[in-house]
**Q** 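Handing you this structure, nothing more for now.
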Amino acid sequence: MIDFKLFQHPQRYIANEWNVVKKPHDKHIPICLCYPDLYEIGMCNLGLRIIYSILNEFNDVVCERAFLPGEDLCGFLAQNNQKLFSLETKLSLDKFEVLGFNFNYELNFINFLYMLHLSGIPLACRERKDLIVLGGGIANPEPLAEFVDVFYLGEFEAGAEAFIGVLRKYKDKKERLEALSGIDGFYVPSCYSVELKNGKYGFTKIYNYANFPIKKTHVKDLNESPYPLKWLTPHTQIVHDRVPIEIARGCPNQCTFCQARATYYPYREKKVSRICQIIEEIYKNSGYENFSLLSLSSSDHSQIEELIDALMAGFKQKRIGLALPSLRVDDLMGRLYPKLHLLRKTSLTVAVETANDHLRGQLGKKIDINKLFEAAKIIHSLNLKHIKLYFMIGFEEETEDDLTAIGRFLEKLNRETRMALNVSINVFVPKPFSLWEGAGMNEEATLLNKISIVKNSLPRRRSINITTAHVQRSILEAIISRADKGFSSVILEVFKASLNRRDLASNWQLWLEVMRKNNIDHRMYLKPVTENFPWSFINTGNSSCNLNHS
Ligand code: SF4
């Protein structure tokens, strides 16, 4: 038994949170949900919490969790030949029948391999015997196809019953994968072959029973779909220490650069009564007092005002804190904020994207900047002091004037509203399934130059705080998210090279060197794409698949 007190933040490894589920493994199908990052980050993932509670609802399933340990514990496990374990029962990961990994962030792919390595589990699918590695939360699964036995593409709530049904019916791994490959949402890479000819991907299924194309799944009625009412309450501070209450999924808007819109397609709302019931239950079960109303665009909820009124009526006495992080800038803001303010602290976050109305129009982003000024004044009168603003740079059609306009805009907003501004400048990454998935991405030098133009345009005031994207990391994100199956060799080599120096896993020079060794010119991933994509065999139901198959 490891003495966790000897390691930093031992609370990460305890797992005796309120509402934790502990079941015997005997006569149960053991599944471990793995998050390839620290506990404090992974526990903010709503998907992980939803799946944990759904799987533990099955009488014959035991679902546990595992996270990437801190560096000190990783070192200890490696040096002492001990295996990575689940939180609940401290069972080593190789003893589970299924490990379900969340891949919502490309730069965590190396951590995923590291977790397998720490567990003594072979990295390549073909070298594993019985254990199934399931991957989810990923848009383009291809760069991980060598390491993951089966992906679930879509919303797991819609596929959980079928998944457990297969695990119950078959005990042999091959039979399990065969059965899963015929069910909507499941993608078993070994059932397909891909060929790249003249820049176009041709997809072929090797076995008749496998589905083709792969259809993403989604929950039809969010009101009926389970929510983790027995909210796990960590003993340690996690990164976003408030309970996200999902009020809608998907987004009715059409911003050209947005991947989330396609990932969570179609747009669905939860009823006011169901949302209030969820908050009430979680409040009772967890002791949490801070909630955030989660959706990609809260203003688009058709009953948002009724919802805020209902929450105020129900929770005013309890003084819970509510955040509405994704309000669109429109008339609603001025009406909602004074109400929200009565429910303790609120914050204002606005994704403006660009300071130029014309460019914003091209991006499909609907914001009336005049309304932002009006809303900011109302918020200031409520004694709120900060606005968080997001901008994005790196569009092909962007001019120098568009970039310097950011500085002029912030100066005016700061002067007229007297609010402190926390500004985040991000880089456009053409992500799979966004409307601009085929667009090119600016190269490193161009992006660095654009960022310095924006910085030079900013007024020097302490009340304007700016953080800028890490350009090389954004490019790496683009490369990994747009890569095909062949890129797995790069991921594997970077993993091996960073095995003893974990900080190297995100080192741009190392990735460049490994790509060069594999005869990959990284710039090809940044070019506009006119043919199909490595992920064109997936049908999101949102856009037509661009297929060439037999
Ligand atoms: S950027 Fe926001 S508002 Fe636009 S489509 Fe995406 S989620 Fe919707």
**Q** When you look at NZ of Lys230, are more than 12 heavy atoms from neighbouring residues, nucleotides or ligands closer to it than 6.0 Å?
**A** no
**Q** I'd like to know if the side chain of His235 reaches the main chain of Asn16, judged simply by a donor and an acceptor atom lying under 3.5 Å from each other, with no hydrogens or angles considered.
**A** yes
**Q** With a cut-off of under 6.0 Å to the ring centre and 45° to the axis, is Lys412 in cation-pi contact with Phe373?
**A** yes
**Q** Under a 3.5 Å cutoff, is there a donor and acceptor pairing between the side chains of Gln472 and Glu444?
**A** yes
**Q** Of all residues at least two apart in sequence or in a different chain, which pass the salt bridge (Lys or Arg N to Asp or Glu O under 4.0 Å) check with Arg249?
**A** Glu155, Glu157, Glu246
**Q** Report the C-alpha distance between Tyr267 and Glu269 in whole Å, list the side-chain angles of each, state the deciding distance to 0.1 Å, and finish with yes or no for side chain to side chain donor-acceptor pair (under 3.5 Å).
**A** CA-CA 7 Å; Tyr267 179 63; Glu269 292 180 355; 2.9 Å; yes
**Q** I want to check a possible cation-pi pair here: Arg65 against Tyr52, using under 6.0 Å from ring centre and within 45° of the ring axis as the test.
**A** yes
**Q** Indicate yes or no for a side-chain donor-acceptor contact from Asn253 to the backbone of Cys255 under 3.5 Å, with no hydrogens or angles considered.
**A** no
**Q** For the side chain of Arg482 and the backbone of Tyr525, is there at least one donor-acceptor N/O pair under 3.5 Å apart?
**A** yes
**Q** Sub-3.5 Å donor-acceptor pair from the side chain of Asn45 to the main-chain atoms of Gly42, do we have one?
**A** no
**Q** Side chains of Leu372 and Leu389: does their closest heavy-atom pair fall under 4.5 Å?
**A** yes
**Q** Aromatic rings Phe487 and Trp511: how do their planes relate, parallel, tilted or perpendicular, breaks at 30° and 60°?
**A** parallel
**Q** Taking the six-membered ring for Trp and the single ring otherwise, decide whether the centroids of His522 and Trp508 are under 6.0 Å apart.
**A** yes
**Q** Going by atom types only, do Asn539 and Lys216 share a side-chain donor-acceptor pair under 3.5 Å?
**A** no
**Q** For the atom pair CD (Gln362) and CD (Glu398), what is the distance rounded to the nearest 0.5 Å?
**A** 10.5 Å
**Q** Is there a side-chain contact between Arg261 and Leu435 (heavy atoms, below 4.5 Å)?
**A** yes
**Q** With side-chain contact (heavy atoms from CB on, under 4.5 Å) as the test, pick out the partner of Asn422 among Ile464, Ile387, Asn465.
**A** Asn465
**Q** What verdict does the side chain to side chain contact (heavy atoms under 4.5 Å, CB included) test give for Ile275 and Leu307, after you've listed the backbone C-alpha separation in whole Å, the side-chain angles of each residue and the deciding distance to 0.1 Å?
**A** CA-CA 8 Å; Ile275 297 167; Leu307 173 61; 3.8 Å; yes
**Q** Hey, could you give me the CG/CZ distance between Leu410 and Arg461, rounded to the nearest 0.5 Å?
**A** 10.0 Å
**Q** Describe, in one word, how the ring planes of Phe112 and Phe101 are oriented to each other, choosing from parallel (under 30°), tilted (30 to 60°) and perpendicular (over 60°).
**A** perpendicular
**Q** Regarding Ser463 and Asn414, is there a side-chain donor-to-acceptor distance under 3.5 Å anywhere?
**A** yes
**Q** Looking at Asp401, Leu458, Leu413, which one forms a side-chain contact (heavy atoms from CB on, under 4.5 Å) with Arg408?
**A** Asp401
**Q** Between Asn356 and Thr399, does the side chain to side chain contact (heavy atoms under 4.5 Å, CB included) criterion hold? Intermediate values first, please.
**A** CA-CA 10 Å; Asn356 179 316; Thr399 63; 5.6 Å; no
**Q** With a 3.5 Å distance limit and no angle check, can you tell me whether His470 reaches the backbone of Arg473 through a side-chain donor-acceptor pair?
**A** yes
**Q** Decide yes or no on side chain to side chain contact (heavy atoms under 4.5 Å, CB included) for Asn108 and Tyr114, but give the supporting numbers first.
**A** CA-CA 10 Å; Asn108 278 345; Tyr114 194 52; over 6 Å; no
**Q** Write down the atom of Asn442, the atom of Lys450, and the distance for their closest heavy-atom approach.
**A** OD1-NZ, 2.8 Å
**Q** What residues form a side chain to side chain contact (heavy atoms under 4.5 Å, CB included) with Arg418, not counting sequence neighbours?
**A** His380
**Q** With a 4.5 Å heavy-atom cut-off, do Leu113 and Ile491 have their side chains touching?
**A** yes
**Q** Suppose we screen for side chain to side chain contact (heavy atoms under 4.5 Å, CB included). Which residues come up paired with Glu353, at least two apart in sequence or across chains?
**A** Phe257, Ala351, Leu363, Lys365, Met392
**Q** As a quick check of understanding, evaluate side chain to side chain donor-acceptor pair (under 3.5 Å) for Thr446 and Asn449, giving each step before the final call.
**A** CA-CA 5 Å; Thr446 312; Asn449 183 41; over 6 Å; no
**Q** Quick one: do the Tyr35 and Asn104 side chains pair a donor with an acceptor below 3.5 Å?
**A** yes
**Q** Determine the interplanar angle of the Phe156 and Tyr152 rings, folded into 0 to 90°, and report it as parallel if under 30°, tilted if 30 to 60°, perpendicular if over 60°.
**A** perpendicular
**Q** How would you list, by chain and number, every residue that makes a salt bridge (Lys or Arg N to Asp or Glu O under 4.0 Å) with Arg274, sequence neighbours excluded?
**A** none
**Q** Please check if the distance between the ring centroids of Phe7 and Tyr13 is under 6.0 Å.
**A** no
**Q** With a 4.5 Å heavy-atom cut-off, do Val454 and Phe391 have their side chains touching?
**A** no
**Q** Does Lys388 qualify as a cation-pi partner of Tyr390, given the criterion of NZ or CZ under 6.0 Å from the six-membered ring centre and within 45 degrees of its axis?
**A** yes
**Q** Any non-hydrogen side-chain atom of Cys63 less than 4.5 Å from a side-chain atom of Leu33?
**A** yes
**Q** Looking at residues at least two apart in the chain, or sitting in another chain, which of them share a salt bridge (Lys or Arg N to Asp or Glu O under 4.0 Å) with Asp300?
**A** Arg328
**Q** With no hydrogens and no angle check, is any side-chain donor or acceptor of Thr404 less than 3.5 Å from a backbone partner on Glu400?
**A** yes
**Q** Could you tell me the separation between the CD atom of Gln303 and the CD1 atom of Ile308, rounded to the nearest 0.5 Å?
**A** 12.0 Å
**Q** So, do Ile110 and Ser498 sit near enough that their side-chain heavy atoms are less than 4.5 Å apart?
**A** yes
**Q** Which heavy atom of Cys276 sits nearest to which heavy atom of Leu311, and what is that distance?
**A** SG-CD2, 3.9 Å
**Q** For the backbone of Asn285 and the side chain of Asn19, can you confirm whether one donor and one acceptor N or O come within less than 3.5 Å of each other?
**A** yes
**Q** With side-chain contact (heavy atoms from CB on, under 4.5 Å) as the test, pick out the partner of Ile451 among Leu403, Ile466, Asn456, Val471.
**A** Val471
**Q** Check for a donor-acceptor pair, side chain of Gln259 on one end and backbone N or O of Pro432 on the other, with a separation under 3.5 Å.
**A** yes
**Q** Examine the side chains of Arg502 and Asn111 and answer whether a donor and an acceptor come within less than 3.5 Å of each other.
**A** yes
**Q** When you compare the side chains of Tyr288 and Asp241, does any donor N or O come within less than 3.5 Å of an acceptor on the partner?
**A** yes
**Q** Dump the intermediate steps for side chain to side chain contact (heavy atoms under 4.5 Å, CB included) on Gln8 and Glu71, then the final yes or no.
**A** CA-CA 9 Å; Gln8 279 193 330; Glu71 267 181 45; over 6 Å; no
**Q** Return yes if some donor-acceptor pair links the side-chain N/O of Arg12 with the main-chain N/O of Pro69 below 3.5 Å, else return no.
**A** no
**Q** Tell me if the OH atom of Tyr264 is crowded by more than 12 foreign heavy atoms within 6.0 Å.
**A** no
**Q** Can you find a heavy atom in the side chain of Trp231 that is under 4.5 Å from one in the side chain of Lys284?
**A** no
**Q** Using the test salt bridge (Lys or Arg N to Asp or Glu O under 4.0 Å), find all partners of Glu106 that sit at least two apart in sequence or belong to another chain.
**A** Lys431
**Q** Can any side-chain N or O of Arg49 pair as donor or acceptor with the backbone N or O of Leu232 at less than 3.5 Å?
**A** yes
**Q** Kindly indicate whether the side chain of Asn507, heavy atoms from C-beta on, has any atom under 4.5 Å from the side chain of Asp503.
**A** no
